Visitor: 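Dropping the structure in here first, questions after.
Keep in mind that this is a model prediction, so the values were computed, not measured.
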Amino acid sequence: MRKKEFAVIGLGRFGGSICQELSREGMEVLAIDRNEERVNQFKHIASHAVIADATDETTLKELGIKNIDHVIVAIGDNIQASILTTVVLVELGVQRITVKAQNDYHAKILHKIGAHQVVHPERDMGRRIAHSIISNNIVDYLELSDDHSIVEVKAGKKMIGKSIIELDIRAKFGCTVVAIKQGRHINVSPTPDDTLSEDDILVVVGADKDIARFERQLVIDD
């Protein structure tokens, strides 16, 4: 199975945090910014880091952007550059485009021109968004500390029909399932014999590195 590829355009605080988190999760990431200093900061973090003007269609074509699975436009205060970049990406037929909006007016324009997802960084943490775009099965992500988090994940295909004890999540990954949401019902402190069904949502707590392994092996469907 081919590894999913991402591109992050704009390496400020928001774009940088998404780039770092996607890279930490083992994803292929192309990091793009006009600023050489910022690009240099990500040369050893992202798979590839390039200095480029993302509003230029020829440049993006040369970078092979239309073959990227998901492009995140995280351009800072330049709304015009954000809109122009999004237009180019839409015209090139990029499969999935997520764009950072400065305000509600900017968000409306982005939706109208074809952005698939618009995010407001003041409301959405970069890390949370990075996890949500890795897989539709990752419902929510909340940092508890610098290296521990709590996640809500939809049961992946590999988990359906299996019990908590069969999956052996705590022993294999060092994570703890603290609750299972089944529709409106919440099963707090599930037993080892509880079996998972399609659409069940697990609330899992653990160290970031352990959660990342758990997500890669059981949550993210191939």
Visitor: Find out if a path of hydrophobic residues (ILVMFWY) with successive side-chain heavy-atom gaps under 4.5 Å connects Val188 to Val203.
Guide: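 The answer is no; the residues belong to distinct hydrophobic clusters.
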Visitor: Between Arg38 and Gly16 (side chain of the first, backbone of the second, donor and acceptor by atom type, cut-off under 3.5 Å), is there such a pair?
Guide: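 No; zero donor-acceptor contacts below 3.5 Å.
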Visitor: Side chains of Phe214 and Val153, heavy atoms from C-beta outward: is any pair under 4.5 Å?
Guide: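 A side-chain contact under 4.5 Å exists here.
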Visitor: Identify the heavy atoms of Ile65 and Ala7 that sit nearest to each other, and give their distance.
Guide: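 Closest approach of Ile65 to Ala7: CD1-CB, 3.8 Å.
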Visitor: Strictly below 4.0 Å, N to O, side chains only: are Lys154 and Asp199 in salt-bridge contact?
Guide: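 So Lys154 pairs with Asp199 through a salt bridge.
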Visitor: If you look at every heavy atom in Ile169 and Val177, which pair is closest and at what distance?
Guide: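 For Ile169 and Val177, the tightest heavy-atom pair comes out as CD1-CG2, 3.8 Å.
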Visitor: With side chains defined as the heavy atoms from C-beta onward, is the minimum distance between Phe173 and Asp168 less than 4.5 Å?
Guide: no
Visitor: Classify the side-chain pair His116/Thr98 by whether it contains a donor and acceptor separated by less than 3.5 Å.
Guide: no
Visitor: Is there a side-chain contact between Leu30 and Phe6 in this structure, where contact means two heavy atoms from C-beta onward sitting under 4.5 Å apart?
Guide: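 The answer is no; the side chains never approach within 4.5 Å.
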Visitor: Could you go through Ile32 and Leu11, starting from their C-alpha distance and side-chain angles, then the distance that decides it, and tell me whether this counts as side-chain contact (heavy atoms from CB on, under 4.5 Å)?
Guide: CA-CA 7 Å; Ile32 302 168; Leu11 301 174; over 6 Å; no
Visitor: Could Asp69 and Lys4 be called an ion pair, given the rule that one side-chain N must be under 4.0 Å from one carboxylate O?
Guide: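 Looking at Asp69 and Lys4, the cut-off is not met.
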Visitor: Verify side-chain contact (heavy atoms from CB on, under 4.5 Å) between Ile79 and Asn103, making sure each step is shown before the conclusion.
Guide: CA-CA 10 Å; Ile79 288 178; Asn103 51 49; 4.1 Å; yes
Visitor: Minimum heavy-atom separation for Arg34 and Ile51, please, with both atom names.
Guide: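 That closest heavy-atom pairing would be O-CG2, 3.4 Å.
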Visitor: Can you hop from Leu63 to Val99 via hydrophobic side chains spaced under 4.5 Å?
Guide: yes
Visitor: Return yes if some donor-acceptor pair links the side-chain N/O of Asp194 with the main-chain N/O of Thr191 below 3.5 Å, else return no.
Guide: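 Yes, the answer is positive, given that a donor and an acceptor are paired below the 3.5 Å cut-off.
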Visitor: Do you know which two heavy atoms are closest between Ser23 and Val29, and how far apart they sit?
Guide: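 That would be OG-CG2, 3.8 Å.
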Visitor: Going by the side-chain hydrogen bond (donor to acceptor under 3.5 Å, both in side chains) test, name the single residue among Lys100, His106, Gln102 that passes it with Ser82.
Guide: His106
Visitor: Contact between Ile9 and Asp33 at the side-chain level, heavy atoms closer than 4.5 Å - yes or no?
Guide: no
Visitor: Please report the closest heavy-atom contact between Glu166 and Lys172, naming both atoms and the distance.
Guide: O-NZ, 4.5 Å
Visitor: Find out whether Leu167 and Leu196 are in side-chain contact, i.e. whether some heavy atom of one side chain is under 4.5 Å from a heavy atom of the other.
Guide: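 SC-SC contact between Leu167 and Leu196 confirmed.
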Visitor: Out of curiosity, Ile72 CD1 to Gln117 CD, how far, rounded to the nearest 0.5 Å?
Guide: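 Rounded to the nearest 0.5 Å, the CD1-CD separation comes to 9.0 Å.
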Visitor: Please answer whether the main-chain N or O of Lys61 pairs with a side-chain N or O of Lys66 as donor and acceptor at a distance below 3.5 Å.
Guide: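 Absent.
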Visitor: Given side chains that start at C-beta, do those of Ile180 and Ile164 come closer than 4.5 Å, heavy atoms only?
Guide: yes
Visitor: Give me the atom names and distance for the closest heavy-atom approach of Ala74 to Gly15.
Guide: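 Scanning both residues, the minimum pair turns out to be CB-CA, 3.5 Å.
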Visitor: Kindly compute the distance separating CD (Glu5) from NE2 (His48), expressed to the nearest 0.5 Å.
Guide: 7.5 Å
Visitor: Any chance you could measure Ser149, atom OG, to Asp208, atom CG, to the nearest 0.5 Å?
Guide: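 Here the rounded value is 3.5 Å.
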Visitor: Let me see the working for Lys162 and Thr195 under side-chain contact (heavy atoms from CB on, under 4.5 Å), right down to the final yes or no.
Guide: CA-CA 5 Å; Lys162 294 187 177 174; Thr195 303; 5.8 Å; no
Visitor: Can you hop from Leu110 to Leu84 via hydrophobic side chains spaced under 4.5 Å?
Guide: no
Visitor: Would you call Lys181 and Glu152 a salt bridge, using N to O less than 4.0 angstrom?
Guide: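 A salt bridge links Lys181 with Glu152.
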Visitor: Is there a side-chain contact between Val94 and Ile97, using heavy atoms and a 4.5 Å cut-off?
Guide: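 Answer yes - side chains close enough.
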Visitor: Do we see a donor-acceptor contact under 3.5 Å between the side chains of Asp193 and Ser163?
Guide: no
Visitor: Side chains of Gln20 and Phe42: does their closest heavy-atom pair fall under 4.5 Å?
Guide: yes
Visitor: Rounded to the nearest 0.5 Å, what's the gap from OG1 on Thr86 to CD1 on Ile75? Could you check?
Guide: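 Result: 7.0 Å between the selected atoms.
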Visitor: Can you measure from OG1 (Thr176) to CZ (Arg170) and round to the nearest 0.5 angstrom?
Guide: 4.0 Å
Visitor: Would you say Val90 and Val118 are hydrophobically clustered, going by side-chain heavy atoms of ILVMFWY under 4.5 Å?
Guide: yes
Visitor: For side-chain contact (heavy atoms from CB on, under 4.5 Å), just list the numbers for Ile68 and Gln95, CA-CA rounded to whole Å, side-chain angles, deciding distance to a tenth of an Å, and then say yes or no.
Guide: CA-CA 8 Å; Ile68 301 277; Gln95 192 177 324; over 6 Å; no
Visitor: Kindly compute the distance separating OG (Ser197) from CE (Met159), expressed to the nearest 0.5 Å.
Guide: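 Interatomic distance, Ser197 OG to Met159 CE, rounded to 0.5 Å: 11.5 Å.
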